[in-house]
Amino acid sequence: MKRIYLVLSLGLLVLTTACGGLLGKKEKTNKQSVANSVKNSIAKATEALELTKNYYAIDEDQPVIIGEIKDGKLWLTFMEDEILPLGVVDEDSYRLPDYPIQVEGLQGAPKDFIIADIGQDFNPILCVLTDQDKVQMLSLWNTIATGDIEVTEVPMESIVEFKDGPGGPWKDDEGNTFYEYTTIYGIDAQGGRHEVPLYSLEHDIEHVDHGQQADVVYQLFFTDDWKMRYVMGYYLSEKLEEQTGHFWLIDEDWDEMVFTFGYELTTRMEYTGEGIITTDVENQGVFEMRYVDFGNQGCMVTPIEGLDFCNNGMDKPVQFKPCGTYGG
């Protein structure tokens, strides 16, 4: 069963200390005061731990990933012996150290976080709330597979804490309520619950322009935790340019399968043949993704603002297919 485990050793230590100190002064206090004081001490210790340490486990007794706030930073420790049997990567591809590593890209200092599943299977997601009231997230399966440890901002406002729980409720004919998946909720100051969004559409798509001298490929890569990468190069050959950043949902129409996204690309890499030139950029834009069919038909991508992904003209849809379906 999937659970989040909080370490309560500090709470037990406070309990022991509190009992020792209070029982040594029995003559000046009654039993009810002792009980209340101990109860308050445990509550405070537990609350502090909830903000500083968090365990993700598949087997109840064996943590897989440990998160901890220390010295104003957020650290993650990955347990290789527990991760490799899950089949996310093999031993040769595993690249994470066995000591705590610092989460990168935080906008401010972390003040609350959670590691829990989003979806219908094991899919650990890190959600962080910073002292600038920013909500940021990281797909930890992707971290294990690629080594990426940088969080992405999620456009959620007025969030004060996180909780995990069931999502997608539905009722059968007899009125019984069931749930389709598990998720993470951002909780606002009034107690309202807001699901932390996860990207779930096409992840790796490409368009090939069959020119007279060479086939030029344009690729778009999207991750569950809202990272975006745009690549241009020669098909099945070298890359010419790559830009990376993040994206977010602006509008969605599931009936018509039309989705509008905003994006911001902040790093550009030019491949010169002699090396890579990396520069900071501020390319912001909007594009539409419209599904034409499922399977290898892919989707139509229309650049609305910002980059003209395929040099085909703004506001003109271009068909993208899953990467690798074109052949040569």
Side-chain angles (χ1 to χ4, degrees), residues 54 56 65 67 69 72-76 78 88 95-96 101-119 123-162 164 167 183-187 194-205 219-231 242-252 259-269 278 280-287 289 305-307:
N54 194 297
Y56 175 84
I65 304 167
I69 296 177
K73 299 178 176 60
L74 179 57
W75 304 83
L76 295 176
F78 295 84
V88 180
R95 64 188 71 191
L96 296 173
I101 52 178
Q102 183 181 337
V103 173
E104 299 175 354
L106 287 175
Q107 299 182 42
K111 64 179 183 180
D112 189 23
F113 76 98
I114 190 173
I115 302 172
D117 293 304
I118 296 182
N123 183 30
I125 301 295
L126 167 70
C127 291
V128 189
L129 179 65
T130 74
D131 60 2
Q132 295 183 13
D133 294 327
K134 300 289 186 180
V135 175
Q136 296 181 267
M137 70 185 304
L138 179 66
S139 168
L140 297 179
W141 273 178
N142 186 59
T143 298
I144 292 170
T146 67
D148 177 25
I149 201 70
E150 184 171 351
V151 292
T152 311
E153 183 181 357
V154 182
M156 301 180 70
E157 298 180 353
S158 303
I159 301 301
V160 296
E161 63 175 331
F162 301 108
D164 63 321
T183 190
I184 298 174
Y185 293 97
I187 310 300
H194 310 272
E195 280 197 54
V196 175
L198 197 69
Y199 177 72
S200 60
L201 300 173
E202 293 288 346
H203 284 78
D204 306 332
I205 55 177
Q219 297 175 317
L220 292 170
F221 299 95
F222 308 104
T223 66
D224 292 348
D225 51 358
W226 302 97
K227 294 182 177 71
M228 176 178 173
R229 184 159 59 101
Y230 166 68
V231 179
E242 181 173 355
Q243 296 191 39
T244 58
H246 71 284
F247 70 112
W248 57 90
L249 180 68
I250 294 177
D251 191 29
E252 57 185 343
F259 307 88
T260 304
F261 298 97
Y263 66 87
E264 181 179 25
L265 303 176
T266 54
T267 302
R268 179 185 182 187
M269 289 167 282
T278 301
D280 294 333
V281 295
E282 295 183 0
N283 287 327
Q284 299 182 359
V286 176
F287 68 92
M289 181 184 294
E305 299 177 12
L307 295 179

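- For Asp204, there are no side-chain hydrogen bond (donor to acceptor under 3.5 Å, both in side chains) partners, not counting sequence neighbours.
- Between the CD atom of Glu157 and the CG atom of Asp133 there is a distance of 10.0 Å, given to the nearest 0.5 Å.
- Considering only residues two or more places apart in sequence or on other chains, Gln107 meets the side-chain contact (heavy atoms from CB on, under 4.5 Å) condition with Gln132, Lys134, Gln136, Glu153.
- Taking all atoms of both residues into account, the shortest heavy-atom contact from Tyr185 to Val196 is C-CG2, 4.5 Å.
- Under the side-chain contact (heavy atoms from CB on, under 4.5 Å) criterion, Val160 pairs with Ala189, sequence neighbours left out.
- Residues meeting the side-chain hydrogen bond (donor to acceptor under 3.5 Å, both in side chains) test with Gln219, sequence neighbours left out: Glu206.
- In this structure, the separation between OG1 on Thr260 and CE on Met289 is 10.5 Å, given to the nearest 0.5 Å.
- Across all their heavy atoms, Tyr56 and Ile115 have their closest contact at CB-CG2, 3.5 Å.
- Closest heavy-atom contact between Ala109 and Gly72: CB-O, 4.0 Å.
- Partners of Thr278 according to the side-chain contact (heavy atoms from CB on, under 4.5 Å) rule, which considers only residues two or more places apart in sequence or in another chain, are Thr267, Met269, Ile276.
- One distance of note links CD1 of Ile125 with CG of Asp117; it measures 8.5 Å at 0.5 Å rounding.
- Within the 4.5 Å cutoff, the side chain of Leu76 has no heavy atoms near those of the Thr143 side chain.
- Residues Asn123 and Leu198 are in side-chain contact: their nearest non-hydrogen atoms beyond the backbone lie under 4.5 Å apart.
- Residue pairs meeting the side chain to side chain donor-acceptor pair (under 3.5 Å) criterion with at least one member in residues 221-231, sequence neighbours excluded, are Asp148-Lys227, Thr152-Lys227, His203-Asp224, Thr223-Asp225, Asp225-Lys227, Arg229-Glu242.
- Take Gln284 and apply the side-chain contact (heavy atoms from CB on, under 4.5 Å) test, not counting sequence neighbours, and it matches Glu264.
- Proximity of Pro197 to Met137: side-chain heavy atoms (C-beta onward) are nowhere separated by under 4.5 Å.
- A search for side-chain hydrogen bond (donor to acceptor under 3.5 Å, both in side chains) contacts involving Asp131 returns nothing, not counting sequence neighbours.
- Put simply, the side chain of Tyr263 reaches to within 4.5 Å of the side chain of Leu307, judged on heavy atoms.
- Not counting sequence neighbours, the partners of Glu252 by the side-chain hydrogen bond (donor to acceptor under 3.5 Å, both in side chains) test are Trp254.
- Under the 30°/60° scheme for interplanar angles, the aromatic rings of Phe261 and Phe222 are found to lie parallel.
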